[in-house]
Amino acid sequence: MGSIHKSSRTTIAIILVFAMLIGFGVELYDIQIKNNEYYAAQNNTVKTYTAPIEASRGEIVDRNGNPLVTNRQGNSIVLDAAYFPSAKENDKRNEIVFNLYKLFIKNREEYARNLPLKLTKSGKIRFITEKDDEKYESAIATMKSKDMFNLQQYATAQNCFDAMIEMYGLEEYLELYGVKTVLELGHIRYELTRLLFSVSNPVTVADDVSDKTVAQIKENNALYKGADVRVVAYREYTDSTLAPHLIGTVRKINAEEYERLKDEGYGINDEIGESGIEAAMEPYLRGIAGEKTVTIDRDGNVTQEITKEPIQGDTIVLTIDKDLQRVAQDKLKEICRSVDIYHSTGAVVVENCNNGEVLAAASYPTYDLNDYYEHYNELTKERNTPLYNRFAMGTYAPGSTFKPMMAVAGLEEGVITQNTVFNCGQYMKVSDHVFQCLAAHGGENVRTALRDSCNIYFYNCAKRLGIDRMNTYGKMFGLGEKTGVEIPEAKGILAGPEYRKRYGYYPWAPGDTVQAAIGQSDNLFTPLQLCNYVATIANGGTRYNMHFVKSKISRATGAVSETNIAPVGNLSVKSKNIKIVQEGMRMVATSGGPMGVFADFDTKVACKTGTSQVIVKGAKHNNGFLITFAPYENPEISVASAIEMAGSGTSTAMITKAVIDYYYNHNTNEKKAQNYSSLLN
């Protein structure tokens with residue numbers, strides 16, 4: 001009985017052995033004969049990777065083709081995982097990073113320092129603080145996250161430092177070189193972790209390095225294995241102080257942006273527009289990245305082939321004239337400093353009143369794009385907030401610059417005619433409040449009321465119109481409405497019951513209506529809005545979207561895409577009523593407050609001054625405003641200026657005079673914008 005079971009087990013074992021031999025034979029046949037070429041290739045190639053090639057950003061030029069922002073060639077140091085020791089060779093990685101660190105220090109190069117830890121003078125490890133970087137909380141949270149050091153959120157700075165040493169195996173360097181050196185090595189190692197270092201994702205560890213550093217890395221491949229020198233495009237400004245609030249800045253993409261934009265082709269090392277035109281035109285400026293294929297064979301040999309050439313971003317042609325912009329900026333600075341060197345700030349905007357193109361837009365105080373990031377923390381803390389864009393984001397009570405709109409509304413609604421006269425005795429009672437004018441003007445008609453800026457006249461207009469009709473015309477002129485420019489702008493406030501109700505403020509009263517009529521109450525408008533408003537009066541009642549981008553020139557095809565110029569709306573007011581208001585504004589220039597500036601000016605202008613009261617450190621001051629168009633007979637440009645603490649609108653007239661003088665006496669003929677890159681192919 002036992003021998004029978006033994007015989008059957010032997011038979012089964014023999015059958016299994018034969019089955020296995022047959023299986024191996026079939027597999028061997030498949031590998032050696034049937035699919036020999038495929039498996040041979042697989043055996044010779046470890047892996048093939050695709051890595052991006054950075055595309056240069058597009059250039060930004062002014063309306064005449066003069067370069068404002070270009071690119072220059074520079075060198076960055078990139079660690080390439082195809083040549084860098086693998087993660088299993090951590091000691092070799094640290095050795096190379098240490099060599100790079102010594103080289104960067106010796107040659108005074110800036111390198112990646114994004115680990116949010118610092119060493120205090122007393123030798124303790126601390127987190128970076130708000131004083132060091134406004135994004136400190138986000139950076140610290142990222143460092144502690146699961147993908148980085150995997151620590152609890154309550155972990156201390158020392159806990160993070162200890163985790164870094166353990167993660168990167170830096171114990172030996174701590175013993176030999178101390179905390180300071182290890183922290184610096186940690187910065188570079190952390191950058192590789194933070195930016196997902198891999199063959200398909202090389203990481204930049206130092207930007208814009210010197211030729212000396214480049215030469216030393218190239219001559220010592222063994223010391224710096226895996227470190228590659230990349231020629232990259234860096235932003236360069238023909239004048240880094242020209243229109244910084246408009247042009248804007250670029251920076252490395254952050255983690256949140258990368259997660260949101262990676263499906264659109266952004267890499268974790270990419271640059272992105274942060275503000276201004278650089279941000280607004282990001283989809284056009286960024287260009288199209290190229291690709292290279294990296295192949296590593298079984299012996300570790302690396303070959304690279306460019307499989308897709310990068311395409312530079314489009315050229316953005318702005319509406320501004322660079323020389324007019326310089327005139328506006330310099331004169332604005334001069335006037336602000338003459339008013340109060342420590343406290344006065346302001347803005348000026350110049351517009352083509354027949355198509356909405358912004359010819360110049362300046363904000364003071366200002367800053368330098370070249371050292372924006374170097375001095376960012378100081379700039380954010382300066383008293384007069386130089387980073388704040390006053391022409392687009394600053395909102396001001398416009399004072400008497402509101403009166404031309406009131407005159408148009410009153411004439412068009414028939415509550416006044418050109419011959420209607422109101423007597424100004426300097427005071428007027430509305431309900432229980434007494435409102436006043438600057439002087440007792442006597443009998444005033446609409447033209448002389450504009451010339452003399454008579455409050456009493458427009459108080460009477462307001463009583464007859466009512467706030468609802470006033471605001472209908474205010475909206476038609478775009479007051480309290482965005483102008484349409486490509487960069488961020490404030491909406492402002494058009495005073496009225498609707499605004500009060502929306503925010504739960506005290507109810508609207510009759511006295512508020514008369515105050516609103518002279519640009520007070522809750523009215524707050526931007527210099528952009530004021531410029532577009534006077535442009536609408538100048539051209540006879542057509543309001544255009546304001547814009548800073550004149551056209552886009554495709555780097556790929558050379559095609560030019562012009563900005564569509566279309567009216568936002570026509571006021572549908574009688575031309576004779578607009579003309580009456582224009583005549584009143586002309587009288588302001590010839591016999592009103594600014595007559596000393598404009599009376600004998602070669603170019604005939606029409607304007608309206610404005611003043612509004614503000615309180616600075618408990619003391620009352622007046623902001624000054626001036627809205628202007630020129631030439632009077634056939635208007636081409638409008639100008640709006642706002643100077644904080646100027647005392648009156650007349651104080652700003654020299655800015656407007658300088659702008660108009662340049663425009664008509666020193667401007668050159670426009671020429672076609674370049675459609676090529678001046679530095680990089």
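Scope of the values below: all heavy atoms of this structure, side chains included, with no hydrogens, waters or symmetry mates. We number each residue from 1, following the sequence as shown. Every value quoted in this text rests on a predicted model; they were computed, and no experiment measured them.
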Spatial distance of atom CG (Asn75) from atom CG (Asp207) [nearest 0.5 Å]: 10.5 Å
Kindly compute the distance separating CG (Leu571) from OH (Tyr473), expressed to the nearest 0.5 Å. 8.5 Å
Could you tell me which non-hydrogen atom of Leu359 sits nearest to which non-hydrogen atom of Tyr663, and how far apart they are? CD1-CE1, 3.7 Å
Side chains of Asn532 and Phe477 in contact at under 4.5 Å (non-hydrogen atoms): no
Only pairs under 3.5 Å count here: list side-chain donor-acceptor contacts from residues 652-660, not counting sequence neighbours, and write none if there are none.
unit_1 : atom_1 : unit_2 : atom_2 : d
Thr652 : OG1    : Ser641 : OG     : 3.1
Thr652 : OG1    : Gly649 : O      : 2.8

Test: Arg502 and Glu498 ion pair at under 4.0 Å: yes
Is there a side-chain contact between Phe548 and Leu246 in this structure, where contact means two heavy atoms from C-beta onward sitting under 4.5 Å apart? yes
Would you list the atom pairs, donor with acceptor, under 3.5 Å between side chains in residues 625-640 and any protein atom, with sequence neighbours excluded?
unit_1 : atom_1 : unit_2 : atom_2 : d
Glu633 : OE2    : Lys604 : NZ     : 3.2
Glu636 : OE1    : Tyr664 : OH     : 3.3
Ser638 : OG     : Cys531 : O      : 3.2

Is it true that a side-chain atom of Gln418 and a backbone atom of Val446 form a donor plus acceptor pair closer than 3.5 Å? no
Given the options Arg251, Lys262, Lys252, Glu257 meets salt bridge (charged side-chain N to carboxylate O under 4.0 Å, His left out) only with Arg251
Should Thr590 and Met595 count as side-chain neighbours, where that means a heavy-atom distance under 4.5 Å? no
Ring-ring centroid check Tyr372 Tyr367, cutoff 6.0 Å: yes
Measure from the side-chain N and O atoms of Gln529 to the backbone N and O of Thr483, and report whether any donor-acceptor pair falls under 3.5 Å. no
Side chain Ser363, main chain Arg390, donor-acceptor under 3.5 Å: yes
Hits for salt bridge (charged side-chain N to carboxylate O under 4.0 Å, His left out) against Asp270, two or more places apart or cross-chain, chain-then-number order -> none
Cation-pi geometry met for Arg57 and Tyr234 (6.0 Å, 45°): no
Under 3.5 Å donor-acceptor, Tyr499 side chain and Asp522 backbone: no
Flag side-chain contact, heavy atom, 4.5 Å: Ile247 against Ile277: no
NZ/NE/NH1/NH2 to OD/OE distance under 4.0 Å, Glu334 and Arg337: no
When every non-hydrogen atom of Val588 is compared with those of Cys607, the smallest separation belongs to CB-O, 3.3 Å
Please lay out, stage by stage, how Met476 and Ser572 fare under the test side chain to side chain contact (heavy atoms under 4.5 Å, CB included). CA-CA 10 Å; Met476 288 166 62; Ser572 301; 5.7 Å; no
Hey, are the side chains of Glu351 and Val534 touching, using non-hydrogen atoms and a 4.5 Å cut-off? no
Taking all atoms of both residues into account, what is the closest heavy-atom pair of Ile272 and Ile253, and its distance? CG2-CA, 4.0 Å
Keeping Asn64 on the side-chain end and Asn66 on the backbone end, is there a donor-acceptor pair under 3.5 Å? no
Please examine the side chains of Val317 and Lys552, heavy atoms only from C-beta on, and report whether any two atoms are closer than 4.5 Å. no
Could you tell me whether the side chain of Ser612 and the main chain of Ala397 form a donor-acceptor pair under 3.5 Å? yes
Other residues, nucleotides and ligands only: do more than 12 of their heavy atoms fall within 6.0 Å of NZ on Lys491? no
Taking atom OG of Ser651 and atom CG of Asn623, what is their separation to the nearest 0.5 Å? 11.0 Å
Output yes when a side-chain donor or acceptor of Gln312 lies under 3.5 Å from a complementary backbone atom of Gly58, and no otherwise. no
Minimum side-chain heavy-atom gap Asn355-Ile565 below 4.5 Å: yes
Can you establish whether the number of heavy atoms outside Tyr284 located under 6.0 Å from its atom OH is more than 12? no
Go through it in stages, so that I can follow the logic: the residues are Ser240 and Asp368, the test is side chain to side chain donor-acceptor pair (under 3.5 Å), and I'd like the CA-CA distance, side-chain angles, deciding distance and then a yes or no. CA-CA 5 Å; Ser240 58; Asp368 189 323; 2.6 Å; yes
Taking NZ, NE, NH1 and NH2 as the nitrogens, is one of them in Arg72 or Asp208 under 4.0 Å from a carboxylate oxygen of the other? yes
Does His547 reach the main-chain N or O of Asn545 with its side chain, forming a donor-acceptor pair under 3.5 Å? yes
How long is the span from the SG atom in Cys353 to the CD1 atom in Ile537, to the nearest 0.5 Å? 11.0 Å
Where do Pro527 and Gly394 come nearest, in terms of heavy atoms and distance? CD-O, 3.4 Å
Tell me whether Asp62 is salt-bridged to Lys550, with the criterion being a basic N under 4.0 Å from an acidic carboxylate O. no
Minimal non-hydrogen separation, Val232 against Ser76, with atom names: CG1-OG, 3.7 Å
Any salt bridge (Lys or Arg N to Asp or Glu O under 4.0 Å) pairs touching residues 402-412, not counting sequence neighbours? Glu412-Lys574
Working to the nearest 0.5 Å, report the span between OH of Tyr266 and CZ of Arg286. 4.0 Å
Rounded distance [0.5 Å steps], CD in Glu357 versus CG in Leu318: 11.0 Å
Assess whether side chain to side chain contact (heavy atoms under 4.5 Å, CB included) is satisfied between Leu528 and Met546, documenting all intermediate values. CA-CA 8 Å; Leu528 283 173; Met546 298 182 82; 3.8 Å; yes
For Pro202, does its backbone N or O pair with a side-chain atom of Asn269 as donor and acceptor, under 3.5 Å? yes
Results of salt bridge (charged side-chain N to carboxylate O under 4.0 Å, His left out) for Glu583 - residues two or more places apart only: Arg447
Let me see the working for Thr238 and Lys322 under side chain to side chain donor-acceptor pair (under 3.5 Å), right down to the final yes or no. CA-CA 10 Å; Thr238 54; Lys322 75 176 184 67; over 6 Å; no
CA sep, side-chain torsions, deciding dist, call: Tyr373, Glu274, side chain to side chain donor-acceptor pair (under 3.5 Å): CA-CA 12 Å; Tyr373 286 107; Glu274 179 181 41; 2.6 Å; yes
Arg235 meets the side chain to side chain donor-acceptor pair (under 3.5 Å) criterion, sequence neighbours left out, with Asn71, Glu278
Going by atom types only, do Thr526 and Thr395 share a side-chain donor-acceptor pair under 3.5 Å? no
Any chance the side chains of Thr650 and Thr609 put a donor and an acceptor closer than 3.5 Å? no
Under 3.5 Å, side chain of Glu59 to main-chain N/O of Leu68, donor-acceptor pair present? no
Return yes if a side-chain donor-acceptor contact under 3.5 Å exists between Ser521 and Asn523, otherwise no. no
Would Arg469 and Glu413 pass as an ion pair if we require N to O under 4.0 Å? yes
What I'd like to find out is whether the side chain of Tyr364 reaches to under 4.5 Å of the side chain of Asn384, using heavy atoms alone. no
Closest non-hydrogen atoms of Asn539 and Thr536, given as atom of the first, atom of the second and distance, are OD1-O, 3.1 Å
